[in-house]
Amino acid sequence: MVSNSVSITLPDQSVRQFDHPVSVAEVAASIGAGLAKAALAGKVDGKLVDTSHVISQDAALAIVTDKDADGLEVIRHSTAHLLAYAVKELFPDAQVTIGPTIDNGFYYDFSYKRAFTPEDLVAIEKKMGELAKQDIPVTRKVLPRDEAVKYFKGIGEAYKAEIIESIPADQAVSLYTEGAFTDLCRGPHVPSTGKLKVFKLMKVAGAYWRGDSKNEMLTRIYGTAWTKKEDQEAYLNMLEEAEKRDHRKLGKLLDLFHMQEEAPGMVFWHPKGWSIWQQVEQYLRKVYVDNGYQEIRCPQILDRSLWEKTGHWDNYQDNMFTTQSEKHDYGIKPMNCPGHVLVFNSDLRSYRDLPLRYGEFGSCHRNEPSGALHGIMRVRGFVQDDGHIFCTEEQIQSECTNFNQLALAVYKDFGFKDIAIKIALRPDKCVGSDETWDRAEEALRNALRACAVAWEELPGEGAFYGPKIEYHMKDSIGRSWQCGTMQVDYNTAGRLGGEYVDQHSNRVAPVMLHRAIVGSLERFIGILIENHAGSLPLWLAPLQVVAMNVTENQAAYVTEVVNALKAAGIRVHADLRNEKISYKIREYSVQKIPYLLVLGDKEKEAGTVTARVRDGKGGGENLPTMSLNEFISRVKDEIAAKK
RNA sequence: GCUCUUGUAGCUCAGUGGUAGAGCACUCCCUUGGUAAGGGAGAGGCCACGCGUUCAAUCCGCGUCAAGAGCACCA
């Protein structure tokens, strides 16, 4: 006789015996009424299930509540369903599609005859609240695939039916029902809608069905959901704070740059913004020099025939700006590599010359789709710190390793801590043998291993000519942007006739490594501004010191101090205006100037300075009064340390 | 490029079918004041652009351009 008894092991390793199969909810109830009420889902042998899930064999079980990360995930997922339920109540003609969780919330895509408006959103959110308050049970049902397809076709949900049809025929699918609404879903879900208490609909947007721009556009509603009201408030507050760090806002506030209709996707750099640019550029120039690169400069406009050789003319013309003159067609360069190959080709190269490293501050133009433009992060005209290394296959490994080390050191100097590294691996359509790709991909992995950093691999995302490492950074609201890259390319140099003479007097095409540390200076400076919330480190700050007089009486002394600072190479401004000192301090605090020198009669008599240092929180504090020379060496030390 | 939203003074934003308003900034005057906004006066706008509807359009409609959010794209 087979026993029906089940023993359940809880996370504290205690074991509970049941003489019959039990549901997660029953186990929770056996532990305590409070837990039974708090239970959102269960984790049986590591697998997330509903509280109604019946356990019929010995198993390890954790009751999932809103204290667990899994619990929050379940809440968000169930809130997405609640959203769909509310939409179907208010707009019965709308068709549901998919509704996954995302960072901080969820979204759900609907097909409807018109887009939802912000007013609709208010009504939908209200309806969601009502449905949650009714504490409607959420129940699960399993159907054979074909029956599920029939069911959804029967209720006019064509998209759902299409999704299920793409599931293998022999698989059963689970359906979840709450009130009058039934949705296809793997689950798990909260046991009833009453568990969903803290949520807010954020925005509407368009999104393509199945993520393909050839398909119709659906209406997507984004929402956020939390276990506690305070968490949601903290999140909304964080978003608000992050908006203040937006580089477009700060660019205006700090008078760094502007953009205007006449040049969409292109930047007008103002003196202060260009000062930052120059600091970044000079820094990177030194990086070139210190690491065996020779800086070069190539033309912006190149004949059509060259772009035909590279394949751009046929494949990427839509993204290129072109021009013509005297019956010749020209392309404005979207990348710097061909120019570098032409410099390489300008002489007969020996294997002894390799690796040959060229670096350029290469100005590129790409006619990006209008909807892709974003402040100075995604632009049509930009400058790359673009380098190309011509080398042999044996040299790939060391070049990649050295580059990775260098890139990480540079990011550290600019104050970045959070860098996501990815390796994009071979796509379906690619050139070169599998062995070559294996070696190249492994070289990139080894380069990262050497620095003991973690990375993510993206299969199929590589370029057709070779794999690449990508270095990503986040902006103020968490959007990820690619900055640096290291790409192995077996194709381009040979395609443009690049070759060197090897030990055996054979002419061979070199491997070309494409590498950039900051990527585009525009994007990098944008990220830099957001990461530092506009309070750039002293070495990058456009204005490092402002010296101001308390009254007219100290004007000459201020001028003397400012001249001394200028002579020391410090970026300084004298403010002798007839304004109150508190007014001046406020103005420069808003401008996030690192050091303010307040010079009154006391300082003038003693030949000293009183410096107010920016505190990073929008305020400032006074340093003890010191001699001018002490101040100068303090500033110079801090600049040198890139603090 | 697609969906939605937006475009009014240098900036941030009100506002109305009868050609516009605030705060800050700007100019001038008074004020010489020790750590986040002293007081007064003044100047400043083709209400993104074009075409319609209307006796009359910044406001309503259509189109264009640009920006914002998301999607797609990022060789």
Side-chain angles (χ1 to χ4, degrees), chain A residues 102 107 109 112 114-118 120-121 202-222 243 246 248-249 252-253 255 258-265 307 310-312 314-320 334-335 337 364 366-375 377-380 382 427 461-465 468 470 477 479 481-482 485 487 489 491-492 514 519-520 523 548-555 576-591 596-603 610-613 618-622 625:
Chain A
I102 49 174
Y107 67 77
D109 288 349
Y112 192 50
R114 62 170 176 84
F116 294 121
T117 64
D120 293 334
L121 235 55
M202 304 293 283
K203 60 195 172 196
V204 278
Y208 297 106
W209 167 235
R210 301 209 141 172
D212 189 334
S213 60
K214 289 197 264 311
N215 291 339
E216 66 183 292
M217 182 152 274
L218 307 169
T219 297
R220 174 171 297 179
I221 298 179
Y222 283 91
E243 260 176 48
D246 188 304
R248 292 163 297 195
K249 276 207 168 111
K252 214 174 261 175
L253 177 74
D255 194 19
H258 87 273
M259 304 179 83
Q260 62 183 61
E261 281 197 25
E262 287 78 0
W307 301 114
T310 62
H312 285 86
D314 292 329
N315 299 318
Y316 301 104
Q317 209 187 137
D318 284 351
N319 292 297
M320 279 175 72
M335 55 188 357
C337 345
C364 295
R366 297 181 188 175
N367 196 3
E368 302 284 10
S370 54
L373 302 178
H374 182 98
M377 304 278 217
R378 181 86 179 265
V379 285
R380 290 195 174 136
F382 55 96
E461 299 277 307
F464 72 93
Y465 52 72
K468 59 180 170 180
E470 301 172 357
I477 67 163
R479 283 178 292 227
W481 298 89
Q482 183 189 316
T485 186
Q487 308 183 10
D489 178 359
N491 186 254
T492 304
H514 307 249
S520 111
R523 175 177 294 180
M548 54 194 86
N549 56 342
V550 177
T551 71
E552 241 168 39
N553 193 31
Q554 307 90 29
L576 303 175
R577 288 177 307 169
N578 171 19
E579 295 291 352
K580 284 213 157 90
I581 196 70
S582 55
Y583 180 91
K584 293 183 186 179
I585 286 174
R586 174 172 197 281
E587 201 168 87
Y588 296 111
S589 298
V590 168
Q591 290 291 310
L596 305 182
L597 293 183
V598 176
L599 305 177
D601 284 332
K602 267 187 297 180
E603 288 79 7
T610 303
R612 183 183 157 111
V613 61
E621 60 180 301
N622 279 349
T625 297

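Below, read A as the first sequence line, B as the second, and so on, with proteins coming before strands; counting in each chain starts at 1. For clarity, every value in this text was computed on a predicted model and none was experimentally measured.
For A/Ser582, whose side chain is taken as the heavy atoms from C-beta onward, the closest listed nucleotide among B/U35, B/A75, B/C4 is B/U35. For A/Arg378, whose side chain is taken as the heavy atoms from C-beta onward, the closest listed nucleotide among B/C74, B/G70, B/A37 is B/C74. For A/Thr551, counting side-chain heavy atoms from C-beta on, the closest listed nucleotide (B/U35, B/A69, B/G33) is B/G33. Among B/U35, B/A75, B/G34, the nucleotide with an atom closest to any side-chain atom of A/Glu603 is B/G34.
Base-pair partner of B/C28: B/G40 (Watson-Crick or G-U wobble, both distances under 3.5 Å). Across all strands shown, B/C71 pairs with B/G1; the Watson-Crick or G-U wobble distances both stay below 3.5 Å. Remark: B/U53 base-pairs with no nucleotide in the shown strands. Criterion, Watson-Crick or G-U wobble with two distances under 3.5 Å. Nucleotide B/G33 is matched to nothing when pairs are restricted to Watson-Crick or G-U wobble geometry with both distances under 3.5 angstrom. With a 3.5 Å ceiling on both atom-pair distances, the Watson-Crick or G-U wobble partner of B/C65 is B/G7. The nucleotide B/G17 finds no pairing partner, because no Watson-Crick or G-U wobble arrangement with both distances shorter than 3.5 Å includes it. Nucleotide B/G45 is matched to nothing when pairs are restricted to Watson-Crick or G-U wobble geometry with both distances under 3.5 angstrom.
A/Thr219 comes within 4.0 angstrom of no nucleic acid atom, judged by non-hydrogen atoms across all strands. Residue A/Gln554 is out of contact with every strand shown, counting any heavy-atom pair closer than 4.0 Å. Across all strands shown, A/Pro334 has heavy atoms under 4.0 Å from base atoms, whether or not it also approaches the sugar-phosphate. Among the atoms of the strands shown, base atoms are found under 4.0 Å from some heavy atom of A/Gly619. Residue-level contact check: A/Gly375 touches the backbone only, with heavy atoms under 4.0 Å from sugar-phosphate atoms and none from bases. Using a 4.0 Å heavy-atom criterion, one finds that A/Ile581 contacts the sugar-phosphate atoms exclusively. No contact: A/Asp212 has no heavy atom under 4.0 Å from any strand. Base contact: A/Ala372 has a heavy atom under 4.0 Å from a base atom. Using a 4.0 Å heavy-atom criterion, one finds that A/Arg366 contacts the bases of the nucleic acid, with or without backbone contacts as well. Nucleic acid contact for A/Tyr107: none, since no nucleic acid atom lies under 4.0 Å from a heavy atom of the residue. Among the heavy atoms of the strands, none lies under 4.0 Å from A/Glu368. Note on A/Ser589: a base of the nucleic acid sits closer than 4.0 angstrom, heavy atoms only. Using a 4.0 Å heavy-atom distance criterion, A/Arg612 is classed as a base contact. Residue-level contact check: A/Lys214 touches neither bases nor backbone, having no heavy atom under 4.0 Å from any strand.
The nearest whole Å value for the distance from the NE2 atom in A/His258 to the P atom in B/A67 is 12 Å. A straight line from CD of A/Glu243 to P of B/U12 spans 13 Å, rounded to a whole angstrom. Between the CG atom of A/Leu121 and the P atom of B/C4 there is a distance of 15 Å, given to the nearest Å. Between the CG atom of A/Asn315 and the P atom of B/A75 there is a distance of 13 Å, given to the nearest Å. Taking atom CZ on A/Arg220 and atom P on B/U3, their separation rounds to 16 Å, with Å as the unit. Note: CZ (A/Phe116) to C1' (B/U5) measures 17 Å, nearest angstrom. Look at CD1 on A/Ile102: it is 13 Å from C1' on B/C71, rounded to the nearest Å. Counting to the nearest Å, the P atom of B/C74 and the NE2 atom of A/His374 are 18 Å from each other.
For the P atoms, the distance linking B/C59 with B/G15 amounts to 16 Å, nearest Å. Nucleotides B/C47 and B/A57 place their P atoms 12 Å apart, quoted to the nearest Å. Taking atom P in both B/U3 and B/G17, one finds a spacing of 30 Å when rounded to whole Å. The same atom, P, is picked in B/U5 and in B/C60; the two are 13 Å apart, to the nearest Å. On the P atoms, B/U58 is 15 Å away from B/U53, given to the nearest whole Å. When the C1' atom is compared between B/C29 and B/A43, the two are found 15 Å apart, to the nearest whole Å. B/A72 and B/C62 have their P atoms separated by 29 Å, given to the nearest Å. For the P atom pair drawn from B/A20 and B/C55, the interatomic distance equals 22 Å after rounding to whole Å.
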Protein-nucleic acid N or O pairs under 3.5 Å, nucleotides 63-66 of chain B:
{"from": "B/C65", "atom 1": "O2'", "to": "A/Glu261", "atom 2": "OE1", "distance (Å)": "3.4"}

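Taking the side chain as every heavy atom from C-beta outward, A/Arg378 and A/Glu368 approach each other to under 4.5 Å. Using a 4.5 Å cut-off on side-chain heavy atoms (C-beta onward), A/Gln317 and A/Trp307 make no contact. Between A/His258 and A/Lys252, every side-chain heavy-atom pair lies at or beyond the 4.5 Å cut-off. Two residues are said to be in side-chain contact when any heavy atoms from C-beta on lie closer than 4.5 Å; A/Leu596 and A/Lys584 fail this criterion. Taking the side chain as every heavy atom from C-beta outward, A/Asn549 and A/Leu599 never approach each other to under 4.5 Å.
A syn orientation is assigned to B/C46, its glycosidic angle lying within 90° of 0.
Residue A/Lys252 places at least one side-chain N or O closer than 4.0 Å to OP1 or OP2 of B/U12. Residue A/Arg479 has no polar side-chain atom (N or O) positioned under 4.0 Å from OP1 or OP2 of B/C71. Put simply, A/Arg248 has no side-chain N or O that comes within less than 4.0 Å of OP1 or OP2 on B/A67. Between A/Tyr583 and B/A25 there is a side-chain polar atom (N or O) within less than 4.0 angstrom of OP1 or OP2.
Residue-to-nucleotide contacts include no donor-acceptor pair under 3.5 Å from the side chain of A/Tyr208 to the base of B/G70.
Here A/Arg210 does not pair with A/Asp212 in a salt bridge; the nearest charged N to carboxylate O distance is not below 4.0 Å.
Each of A/Val204 and A/Val590 has a nearest nucleotide on RNA chain B; the 5'-most of these lies closest to A/Val204.
Classification of the A/His374-A/Trp481 ring pair by plane angle, with boundaries at 30° and 60°, yields tilted.
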inquiry  = What verdict does the side chain to side chain contact (heavy atoms under 4.5 Å, CB included) test give for A/Arg366 and A/Tyr316, after you've listed the backbone C-alpha separation in whole Å, the side-chain angles of each residue and the deciding distance to 0.1 Å?
reply    = CA-CA 10 Å; A/Arg366 297 181 188 175; A/Tyr316 301 104; over 6 Å; no

task = Would you sort out whether A/Thr492 and A/Met335 count as a side chain to side chain contact (heavy atoms under 4.5 Å, CB included), showing the intermediate values?
result = CA-CA 12 Å; A/Thr492 304; A/Met335 55 188 357; over 6 Å; no

ask   = Can you list the steps and then say if A/Met548 with A/Tyr588 is a side chain to side chain contact (heavy atoms under 4.5 Å, CB included)?
value = CA-CA 10 Å; A/Met548 54 194 86; A/Tyr588 296 111; 3.6 Å; yes

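Side chain of A/Gln591 to main chain of A/Arg586: no donor-acceptor pair is present (N/O by atom type, distance under 3.5 Å, no hydrogens or angles).
Shown here is A/Glu262, whose CD atom has more than 12 heavy atoms of other residues, nucleotides or ligands within 6.0 Å.
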